Amino acid sequence: MKLLEDRILRDGVALNEEVLKVDRFLNHQMDVELFNEMGKEWFRLFGEEGVTKILTIEASGIGMACIAAQYFHCPVVFAKKSKSRNISGEVYATEVASFTHGNTNLVIVSKQYLNPEDRVLLIDDFLANGAALKGLMDLVHQAGATLIGAGVAVEKAFQPGGEQIRAKGVRVESLTRVKEMSTGSIVFC
Ligand code: 5GP
């Protein structure tokens, strides 16, 4: 998506070969008009699939998922990071390793909000090693719901997550794919 690529080139900061900062418009300060164009694009890609729920993960996927949901006319559910390991049988739970913080979080979704009848679209800001999306896929699987695919804003194609998830037969639509980065330089696929 040219609009997002241009914005990343203008306002994104490659901290090193692995981490891209997009705080100015995507995951700290948020450009809602840009989110709207992203939502429109995901709807163009997945709009015929009968999506009944968008699932994302706390925190940075929530804003863009909400804007996208206005096109899909469906609710957004976000997987919550749980501090308590003492979880009840009322939730689906899975472990997700955090790319940015280097720790592992238990993430949960109440069983009330994912059902076997649901057709679920995953949305997240970044795809790196794929832990976040794989965790969300596990929650969808536990619920017996149908996974439609994943909409990602920025896929770092030099990290293995995208390839691994596509190899499982999941449709992943990334609006931008970064081929390589180094301090001050970002190259798209
Ligand atoms: P994964 O689970 O695919 O390894 O990483 C995806 C998650 O880590 C995303 O939810 C995102 O919050 C975070 N993340 C991964 N790579 C980056 C990055 O380069 N920049 C930022 N800001 N977040 C990232």
Side-chain angles (χ1 to χ4, degrees), residues 1 4-32 34-35 38-39 42 54-69 76-82 92-109 120-141 147 149-189:
M1 186 183 183
L4 185 56
E5 284 186 3
D6 288 348
R7 190 60 181 274
I8 291 170
L9 291 176
R10 196 177 90 202
D11 284 338
V13 179
L15 286 188
N16 49 43
E17 289 172 10
E18 303 224 318
V19 180
L20 177 61
K21 262 189 95 101
V22 287
D23 281 15
R24 284 190 202 161
F25 57 100
L26 215 71
N27 57 18
H28 190 14
Q29 175 167 261
M30 296 183 282
D31 182 337
V32 177
L34 175 65
F35 282 12
M38 290 161 51
W42 282 319
I54 291 178
L55 178 64
T56 187
I57 184 164
E58 198 178 13
S60 42
I62 297 175
M64 58 190 73
C66 288
I67 302 293
V76 174
V77 177
F78 65 93
K80 290 190 175 199
K81 290 172 185 161
S82 168
Y92 300 115
T94 194
E95 299 263 356
V96 174
S98 165
F99 180 88
T100 34
H101 299 106
N103 58 346
T104 298
N105 288 300
L106 188 70
V107 300
I108 60 163
V109 165
V120 182
L121 175 64
L122 310 180
I123 284 194
D124 204 9
D125 59 344
F126 273 93
L127 172 53
N129 293 327
L133 284 187
K134 285 180 205 161
L136 295 177
M137 285 160 56
D138 184 27
L139 297 173
V140 172
H141 179 73
L147 179 63
V152 170
V154 186
E155 175 178 346
K156 291 182 291 175
F158 54 89
Q159 289 166 333
E163 200 173 320
Q164 289 170 1
I165 292 168
R166 289 185 183 97
K168 293 176 193 282
V170 178
R171 180 178 173 198
V172 179
E173 297 284 0
S174 302
L175 302 183
T176 56
R177 299 182 76 233
V178 177
K179 186 173 152 205
E180 57 190 24
M181 309 189 305
S182 56
T183 311
S185 150
I186 302 163
V187 180
F188 295 102
C189 291

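Whatever order the structure lists them in is the order used to number ligands and atoms, beginning at 1. Quantities reported herein were computed from a predicted structural model and do not represent experimental measurements.
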Practice task
May I ask you to identify, for K156, whether its side chain, its backbone, both or neither come under 4.0 Å of ligand 1 on a heavy-atom basis?
Solution key: side chain

Practice task
Taking T176 for its side chain and A153 for its backbone only, find out whether a donor-acceptor pair lies under 3.5 Å.
Solution key: yes

Practice task
For ligand 1, note which part of D23 has a heavy atom under 4.0 Å away: side chain, backbone, both or neither.
Solution key: neither

Exercise for the section: Can you sort out which atoms of ligand 1 are near V19, meaning under 4.0 Å from one of its heavy atoms? Expected result: 19 (O)

Completion exercise
For atom 10 (O) of ligand 1, the closest protein heavy atom turns out to be D124 OD2, 2.9 Å

Handout entry: Location of contacts on N129 toward ligand 1, heavy atoms closer than 4.0 Å
Key = both

Problem - Intermediate values then yes/no, salt bridge (charged side-chain N to carboxylate O under 4.0 Å, His left out), R177 and E155 - result: CA-CA 5 Å; R177 299 182 76 233; E155 175 178 346; 3.3 Å; yes

Exercise for the section: Taking only heavy atoms of E18 into account, list the atoms of ligand 1 that are under 4.0 Å away from them. Expected result: 19 (O)

Practice task
Mark the output for G161 as yes if a heavy-atom distance to ligand 1 is under 4.0 Å, and as no if none is.
Solution key: no

Completion exercise
At under 4.0 Å between heavy atoms, what of N27 touches ligand 1? The answer is side chain

Handout entry: Backbone of L15 reached by a side-chain donor or acceptor of K21 within 3.5 Å
Key = no

Exercise for the section: If you have a sec, work out which protein heavy atom is nearest atom 2 (O) of ligand 1 and how many Å separate them, to one decimal? Expected result: A132 N, 2.8 Å

Problem - Member of V170, L147, I54, T56 meeting the side chain to side chain contact (heavy atoms under 4.5 Å, CB included) criterion with L122 - result: L147

Problem - atom 6 (C) of ligand 1 - nearest protein heavy atom and its distance - result: F126 O, 3.5 Å

Practice task
Looking only at protein heavy atoms, identify the closest one to atom 11 (C) of ligand 1 and say how far it is in Å.
Solution key: D125 OD1, 3.4 Å

Problem - Sub-3.5 Å N/O-N/O distance, L20 and ligand 1 - result: yes

Practice task
Indicate yes or no: does an N/O atom of A128 lie under 3.5 Å from an N/O atom of ligand 1?
Solution key: yes

Exercise for the section: Report yes if some heavy atom in the side chain of F25 is under 4.5 Å from a heavy atom in the side chain of I8; otherwise report no. Expected result: yes

Exercise for the section: Kindly check if the number of other-residue, nucleotide or ligand heavy atoms within 6.0 Å of NZ (K134) is above 12? Expected result: yes

Exercise for the section: State whether the shortest distance between N or O atoms of A97 and N or O atoms of ligand 1 falls below 3.5 angstrom. Expected result: no

Exercise for the section: Return the residue, atom name and 0.1 Å-rounded distance of the protein heavy atom closest to atom 8 (O) of ligand 1. Expected result: F99 CB, 3.5 Å

Problem - Nitrogen or oxygen of L127 less than 3.5 angstrom from that of ligand 1 - result: no

Fill in the blank from the handout: Quick note on ligand 1: atoms under 4.0 Å from a heavy atom of S60 include exactly 12 (O)

Problem - M30 atom CE, neighbour heavy-atom count above 12 within 6.0 Å - result: no

Handout entry: Min heavy-atom dist K134 to ligand 1 below 4.0 Å
Key = no

Exercise for the section: Please answer whether the main-chain N or O of L127 pairs with a side-chain N or O of D124 as donor and acceptor at a distance below 3.5 Å. Expected result: no

Problem - Which atom of V76 lies closest to which atom of A65, heavy atoms considered - result: CG2-O, 3.5 Å

Handout entry: Residue pair D125 / M64: nearest heavy atoms and the distance that separates them
Key = CB-CE, 3.7 Å

Problem - Donor-acceptor pair, side chain of Q29 and main chain of R24, under 3.5 angstrom - result: yes

